[in-house]
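Naming: A, B, ... by sequence-line order, numbering from 1 per chain.
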There are 2 protein chains.
Amino acid sequence: MAKTTKEQSGSDSRAIAIELSAALVAVHDEAPKILLVRDQGGDSATHSQFGLPCGPFDPVAHRTLEEGLRTWVGEQSGIQLGYAEQLYTFGDRFRDPQERKGGPRPVSVGYLALVRQTDLRSPENADWSDWYRHFPWEDWRSGPPAIVSQVIGSELKAWADAPDNRADRARRRERIDTTFGLGDMAWDNERVLERYELLYEAGLIAETVTDGRERANPGLVQAHTLTGAVLIKDHRRIMATAMGRLRAKIKYRPVIFELMPPNFTLYQLQRAAEALAGARLHKQNFRRLVANEGLVEATGQISSQTGGRPAELFRFRRDVVRERPASGVRLSVRVKPKK
Amino acid sequence: MAKTTKEQSGSDSRAIAIELSAALVAVHDEAPKILLVRDQGGDSATHSQFGLPCGPFDPVAHRTLEEGLRTWVGEQSGIQLGYAEQLYTFGDRFRDPQERKGGPRPVSVGYLALVRQTDLRSPENADWSDWYRHFPWEDWRSGPPAIVSQVIGSELKAWADAPDNRADRARRRERIDTTFGLGDMAWDNERVLERYELLYEAGLIAETVTDGRERANPGLVQAHTLTGAVLIKDHRRIMATAMGRLRAKIKYRPVIFELMPPNFTLYQLQRAAEALAGARLHKQNFRRLVANEGLVEATGQISSQTGGRPAELFRFRRDVVRERPASGVRLSVRVKPKK
DNA sequence: CCGCTTATGCTCAAAATAAGTATAACTGGC
DNA sequence: GCCAGTTATACTTATTTTGAGCATAAGCGG
């Protein structure tokens, strides 16, 4: 063959490799889950063995990018994807440490996919991991997470005070306030990626180190273990993108039903919404909203698994997609815990 | 070199070429504009010579995808991009007719970029073209466009009636109603891509033919000239994606100011919003909205170019990005023309 | 000064939202 | 069987946001 070993191993600096990667999201036991697969050999740089299901795009076998993605996910997890949407294409230099060793430039097309509770098996070499294990600062369901006030807050302040230039310090402080909802700013649950990137720049998560960036604050070695479980390569960034997109999307499209079983109580639905949003919702208003939008219809069946008064089971009204294309679960996020 | 001619010319069926393409949008004279560049040689399949500025991604020269895009746009149009965001990555087989002749699989990362009126020069080999020349059915500023009622409506009906299967016919009718806002459905100005794709499938636009798909209705040869000006390859699809995204985004992020000069009257701002949205807005409510959101501040200057009472000039308040990160020009689209 | 145009301030009703109160219907413990 | 605890569901109330329009202000050309 004309192909040289050099090219096959991808050490041609002009080489590009397109990878397809998927953030598979499900909700189980009131917790949002993401599917991780064990990487063969692991990524010595991040000390992580887990990453998102992914594989190279094959222009011969794959008619579309999405088809390729479905194939890889099926192969690696045994799951036949339902809902999937393209998220973002990641192409920054050195996304993958392998590139420094002469590997090809890795360009990754990331997808968000939603998996129904009922399709939730744990396949070989794959596991459903709690979202918030990787982003502990994103879960505000029982008030401001401890990690924000205890670790992130003070360490970010140190980072903000580091520059010699007064204006730079002000800019950093401002950015911290907006992304983390400090001062008189409100916490915006959609800014997942911005928060991740801020922590990255501030050197508060493990990826900063493994990517060979200068650490802002050298005293933080174990802080990494506090700031969430790491994935290989930049997969945690992809995950942050997926999370932000999903939190935004459930507000204006009825995608949350892609995660629910066929029949559910309104409270189960609310729990799922809360799990994704990372915040509590007002129960009565939530059900009024869902009802008024015509998103669900009663089945007549009753569930007595609730622990209190039995609840009626509902199902998603597929018609709404037709009737009111732009409906979703607009949630008024309440950040303060119930007293 | 180990590279074979075969590989260099890209006729290896496993080859992939990443292209970066940009939809540069501006507003001028109350019309939305998009920058088109002349393609060397033209695209014989579509009989179009124009397309979006684009170029191959170079993993050596380009540190990020966006950087590569900025380089190409600068080279082809002389414009230094300001605001730019990634849109979507297009990778379907045969996006580019060249692929049938053994060319590499073209994967294109599309961007939406906003250009300020003041930066609006017409560069060599490039031209600002009216959006609605390519999507005549999208402009509802003076009521339902003639093309929808006269051509598209009836032709789509024919397409819907074509299948033998009753259920298929119903599905098609339903889809037409939702995407084009017929029946009791409302016109949703964001569904630009869905409308484009429906017309594509129905064989009502030139791309259907050039892509080698079966034509649903062979009597439509000149209808193509009615259904908007074509671009090379799938660039009109990228443009539809950009348009839809922009229409959605101005409602919740203050991106519209990326298109405005530093100082403007509120009516100029409204005109720009209307040009993008393709619909008229209620004037008093628009200014109340903009004022209440704190998006603008008065400059004290007065413009007497208005043709009536002089208007005060305003400027964008950059602070809002900090204070209210999620604000935009929420526009209640009024589709019916003023009587 | 008149008729035309656009700017701007203000009102008013309808709808949507946020935050409750009140009551209903189940469970388990005794 | 009754009570405390738990969840479900109906309804109320105040506030805010929207959609639509009236009225007046301030320029222009004649």
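Partners of B:Arg195 under the side chain to side chain donor-acceptor pair (under 3.5 Å) rule, at least two apart in sequence or in another chain, are B:Glu138. Under the rule for a side chain to side chain donor-acceptor pair (under 3.5 Å), the partners of A:Asn189 that lie at least two apart in sequence or sit in another chain are A:Lys251. Residues forming a side chain to side chain donor-acceptor pair (under 3.5 Å) with B:Glu312 (at least two apart in sequence, or on another chain): none. Qualifying ring-ring contact (aromatic ring centres under 6.0 Å, His included) partners for B:Tyr111, counting only residues two or more places apart in sequence or in other chains: none. With sequence neighbours excluded, the residues forming a ring-ring contact (aromatic ring centres under 6.0 Å, His included) with B:Tyr88 are B:Phe90, listed by chain and number. Scanning for side chain to side chain donor-acceptor pair (under 3.5 Å) contacts around A:Gln301 gives an empty result, with sequence neighbours left out.
Note: CZ (B:Arg287) to C1' (D:dG19) measures 17 Å, nearest angstrom. Here the C1' atom of nucleotide D:dC22 and the NE2 atom of B:His282 are 10 Å apart, to the nearest Å. For the pair B:Leu313 CG and C:dT6 C1', the interatomic distance rounds to 14 Å; values are reported in whole Å. Between B:Leu269 atom CG and C:dA7 atom C1' there is a gap of 15 Å when expressed in whole angstrom units. The nearest whole Å value for the distance from the CG atom in A:Asn292 to the C1' atom in D:dT9 is 14 Å. In this structure, the CZ atom of B:Phe264 is 14 Å from the P atom of C:dA7, given to the nearest Å. If you take CG of B:Leu289 and C1' of D:dA20, they are 15 Å apart, rounded to a whole angstrom. Protein atom CZ of B:Phe286 is 15 Å distant from nucleotide atom C1' of D:dT18, rounded to whole Å.
Positionally, the nearest nucleotide of DNA chain C for B:Leu266 lies more toward the 5' end than for the other of B:Leu266 and B:Asn285.
Side-chain to base pairing of B:Arg288 with D:dG19: one donor and one acceptor N or O lie within less than 3.5 Å of each other.
Ion pairing of B:Arg245 with B:Glu85 is present here, as a side-chain N (NZ or NE/NH1/NH2) and a carboxylate O approach within less than 4.0 Å.
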So if I define the base as every atom that isn't primed, P, OP1 or OP2, how would nucleotides 24-30 of chain C read as a B/S/- string at a heavy-atom cutoff under 4.0 Å? BBB----

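Under the salt bridge (Lys or Arg N to Asp or Glu O under 4.0 Å) criterion, the residue pairs touching residues 269-278 of chain B are B:Glu30-B:Arg271, B:Arg271-B:Glu274, B:Glu274-B:Arg280, with sequence neighbours excluded.
Listed pair A:Lys283 / D:dT7 fails the phosphate criterion, with no side-chain N or O lying under 4.0 Å from OP1 or OP2.
Residue B:Gln284 is in base contact, counting any heavy-atom pair closer than 4.0 Å across all strands shown.
Relative to the side chain of B:Tyr267, the nucleotides D:dT9, C:dA7, C:dT8 differ in distance, and C:dA7 lies closest.
Each end of the helix from C:dC1-D:dG30 to C:dC30-D:dG1 gets its own axis from five base pairs, and the two axes differ in direction by 0°, given to 10 degrees.
For the pair B:Thr299 (side chain) and B:Leu313 (backbone), a donor-acceptor distance under 3.5 Å is present.
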